[in-house]
Asker: 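Input: one structure, supplied below.
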Amino acid sequence: MDWNQELIKSATWLAQAYALTLVCFGAVMATLARTTIWGRQFWALSGDYFWAGHGWQRPWRRLAGIALILFFVLLAVRMNVLFSFWYNGFYTSMQTLDAGAFWFHMSLFGLLAALHVARALLNAYIRSSFTIHWRLWMNERMVARWLDGRAYYLGRFAEPVVDNPEQRIQQDATSLASDTLALSMGLVGAVVSMVEFTGILWSLSAPLTLAGVELPRAMVFLVYLYVLTATVFAVWIGRPLIRLNFLNEKLNATYRYLLMRLREYGESVALYRGEAVEHRNLTSGFAAVIANAWATLWRSLKFDGYNLGISQVAVVFPFLIQAPRLFAGTIKLGDVIQTSQAFGQVEEALSFFRTSYDSFASYRAVLERLSGFTSNVDGARALQLPQLQVRADALQLQGLTVRRPDGQVLAQSIELSLAPGQALLIRGPSGSGKTTLLRTLAGLWPFASGDAARPADADCLFLSQRPYLPLGTLRGALAYPSADIGDGEARAILQQVQLGHLGEQLDVDQDWSQVLSPGEQQRLAFGRVLANRPALVFLDEATSATDTGLEHSLYSLLRRELPQAMLVSVGHRETLHAFHDQVLELARDGRWALGSA
Ligand SMILES: Nc1ncnc2c1ncn2[C@@H]1O[C@H](COP(=O)(O)OP(=O)(O)OP(=O)(O)O)[C@@H](O)[C@H]1O
């Protein structure tokens, strides 16, 4: 090799190979995205990241990012080629005792090594920052779609049912970005490397006579035959890993969820002394994880053992074939070393398909889970929810029928109307559908038909038996769902709902649901009504944890502060009648009766 010409030669090679690679990469990706199931899944999930918009609106910077990463892949291959020639020259200089050539190669190594380090660091930076941006996009898109149309709630009624959506958002979206890059760029590197080093091997290869038959360029044919045969068996041995990887993610997520529940319901478990049951559940959840881990271990041992064996044989293979020519003096030591390197590169490149089988299996599992997630979100959006008309000054139900998911009617054709300042109390035996009727009016129950009109979402507030307190400050919990509330107003409201002693802790950040008693939480929820001043308030057993005296003062407060608000309460106590104008009695068989309180 003429090292003086090498800079220009390498630049020319890079330019030609890069142009060809860009075209082929685009064509292969487009074909895969159209013709394979997983390619289509990928495109549906992330195609917009690269190809949204038209003309100049396309995200060119992202495409340029991919192009830059591709360039670095080619640069890495070219560096390997240069190193293989360097080794050839270096070993030959030693064999021929040529000190001048030896020192030339030594200084050349300094240059090549510096280039190699700079390339590796830049490559790592570009790839990682590309992955971070991609991940950011994926996360934003998934979270927005999950929240939009209330898919995080309605998803439970939609097909396909998916487990652990949080794992899909947090973990799988990350894997999608990094695995796609690793696999696609690995593939490009493998193909280019295979072509380049096959060329080198070709020039170093001589015919070989096997059982009287002469094989021209034996080395090239043997390496291909060797790796292709090995790949067929590797795919066969590695196939069960696809399912095992899928199960691994699923079982671990389920186990994590069991642990999270124990933490969340710690007090109830502690009061029941339910540790033994919890322990049993956790043990059986973890046993499934471990059983799968063993199955994966055995299968991986077979798979890795096979791959390692194949790679080890490949170490000595080129020496065995070239040794007779070295001893005959036809080739130099440098040629043998370069042959071994080129053989190793071709073998490694060809083996990419064999060794990546495992990663590809996990990748498909990730695509499966993410596609399941988006299908569930789409299913949730497609659910037929009852039509809720917006009317600022009334609640009106006309022929509203509410059913259970199995079709059983809970309330048949309800007709009622409520004007500003009026209040309705819903009563009925347990399981008769009181809460479900409220869910329907919140637009959260797909198993209902008929018409309902009520103020807009932002003017309605739902108080449930167990109020939801977001993580963060007490101020945030009081203002919820509004973002904030002023100091003076917050303290005044806390006084009104008899939580004045918490006035000093407005900005204390902690899990307030674990600190406040259920009764205090319910009072805080009443405070929310005063803070948000809705036109319509739904109260689902919202005072169940308070005594009748406190219930009386909370309802009186509501009537006094929000005289124009409409109230719809679910409750069992007779004392509630005093605060309501109408009573809706639900029976278990779908019948209902409306009377005055
Ligand atoms: N997500 C669900 N999937 C299946 N069935 C449900 C679901 N939610 C509610 N149901 C069923 O719908 C019926 C009505 O439930 P709902 O919670 O509305 O009763 P309720 O009158 O509020 O009872 P309670 O007074 O005990 O709170 C019950 O039989 C319940 O099992």
Side-chain angles (χ1 to χ4, degrees), residues 146 149-165 257 261 264-265 268 376-377 379-386 388 395 397 399-414 416 418 423-450 452 454 460-468 518-519 521-522 525 536-546 548 551 555 567-577 579-580 582-595 597:
W146 203 39
R150 301 172 179 180
Y152 58 90
Y153 175 79
L154 292 171
R156 69 194 64 189
F157 305 120
E159 293 291 336
V161 177
V162 295
D163 56 71
N164 307 305
Y257 186 60
R261 274 180 68 90
E264 201 169 321
Y265 294 96
S268 305
N376 177 265
V377 168
R381 282 155 171 252
L383 286 172
Q384 293 286 326
L385 290 160
L388 291 175
L395 169 71
L397 312 187
L400 185 75
T401 298
V402 181
R403 296 182 185 80
R404 284 201 320 215
D406 61 7
Q408 162 96 33
V409 174
L410 289 169
Q412 180 82 47
S413 297
I414 305 179
L416 67 83
L418 217 59
L424 168 77
L425 176 64
I426 306 175
R427 293 168 47 112
S430 172
S432 56
K434 302 180 292 296
T435 300
T436 308
L437 176 57
L438 295 199
R439 284 189 196 122
T440 308
L441 296 179
L444 293 178
W445 194 251
F447 312 101
S449 53
R454 61 157 173 77
C460 298
L461 204 66
F462 286 80
L463 268 52
S464 63
Q465 201 172 359
R466 288 183 52 212
Y468 166 66
Q521 294 187 30
Q522 290 189 340
L536 173 58
V537 193
F538 294 92
L539 303 111
D540 190 358
E541 305 196 35
T543 46
S544 60
T546 62
T548 45
E551 179 179 81
Y555 265 92
L567 306 185
V568 176
S569 308
V570 170
H572 296 286
R573 290 190 191 139
E574 291 297 327
T575 44
L576 279 176
H577 281 248
F579 295 98
H580 297 83
Q582 304 178 53
V583 179
L584 176 68
E585 281 288 344
L586 297 184
R588 275 227 181 76
D589 54 3
R591 283 180 296 130
W592 54 273
L594 189 65

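First listed ligand is number 1; within each ligand, the first listed atom is number 1.
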Asker: Under the rule for salt bridge (Lys or Arg N to Asp or Glu O under 4.0 Å), what residues qualify as partners of Glu541, not counting sequence neighbours?
Answerer: none
Asker: Considering only the protein, which heavy-atom contact is closest to atom 23 (O) of ligand 1, and what is its distance?
Answerer: Gly431 N, 2.9 Å
Asker: Around Arg573, counting heavy atoms of other residues, nucleotides and ligands shown, do more than 12 lie under 6.0 Å from its CZ?
Answerer: yes
Asker: For residues Arg427 and His577, determine if any side-chain heavy atom of one lies less than 4.5 Å from a side-chain heavy atom of the other.
Answerer: yes
Asker: In terms of residue, atom name and distance, what is the protein heavy atom nearest to atom 9 (C) of ligand 1?
Answerer: Arg439 NH1, 3.8 Å
Asker: Any idea which protein heavy atom is nearest atom 31 (O) of ligand 1, and the distance to it?
Answerer: Arg404 CD, 4.8 Å
Asker: Looking only at protein heavy atoms, identify the closest one to atom 1 (N) of ligand 1 and say how far it is in Å.
Answerer: Phe157 CE2, 3.8 Å
Asker: Just need the protein heavy atom nearest to atom 25 (O) of ligand 1, so name the residue and atom and give the distance.
Answerer: Lys434 NZ, 2.7 Å
Asker: Nearest protein heavy atom to atom 17 (O) of ligand 1, by residue and atom, and its distance?
Answerer: Thr435 CB, 3.7 Å
Asker: Using residues 441-448 as the side-chain source, report each donor-acceptor pair under 3.5 Å to any protein atom, sequence neighbours left out, with the distance given to one decimal.
Answerer:
unit_1 : atom_1 : unit_2 : atom_2 : d
Trp445 : NE1    : Arg403 : O      : 2.8

Asker: Counting only heavy atoms not in Tyr257, do more than 12 fall under 6.0 Å of its OH?
Answerer: no
Asker: Would you mind checking which non-hydrogen protein atom is closest to atom 10 (N) of ligand 1, with the distance to 0.1 Å?
Answerer: Trp445 CH2, 4.5 Å
Asker: Checking side-chain contact (heavy atoms from CB on, under 4.5 Å) against Lys434, which of Leu586, Asp540, Leu410 comes through?
Answerer: Leu586
Asker: Can you tell which of Ser430, Ser544, Pro405, Gly571 gets a heavy atom nearest to atom 4 (C) of ligand 1?
Answerer: Pro405
Asker: Polar-atom distance check: Gly433 versus ligand 1, any N or O pair below 3.5 Å?
Answerer: yes
Asker: I need the nearest protein heavy-atom contact for atom 16 (P) of ligand 1: residue, atom name and distance, please.
Answerer: Thr436 OG1, 3.4 Å
Asker: Counting only heavy atoms not in Arg466, do more than 12 fall under 6.0 Å of its CZ?
Answerer: no
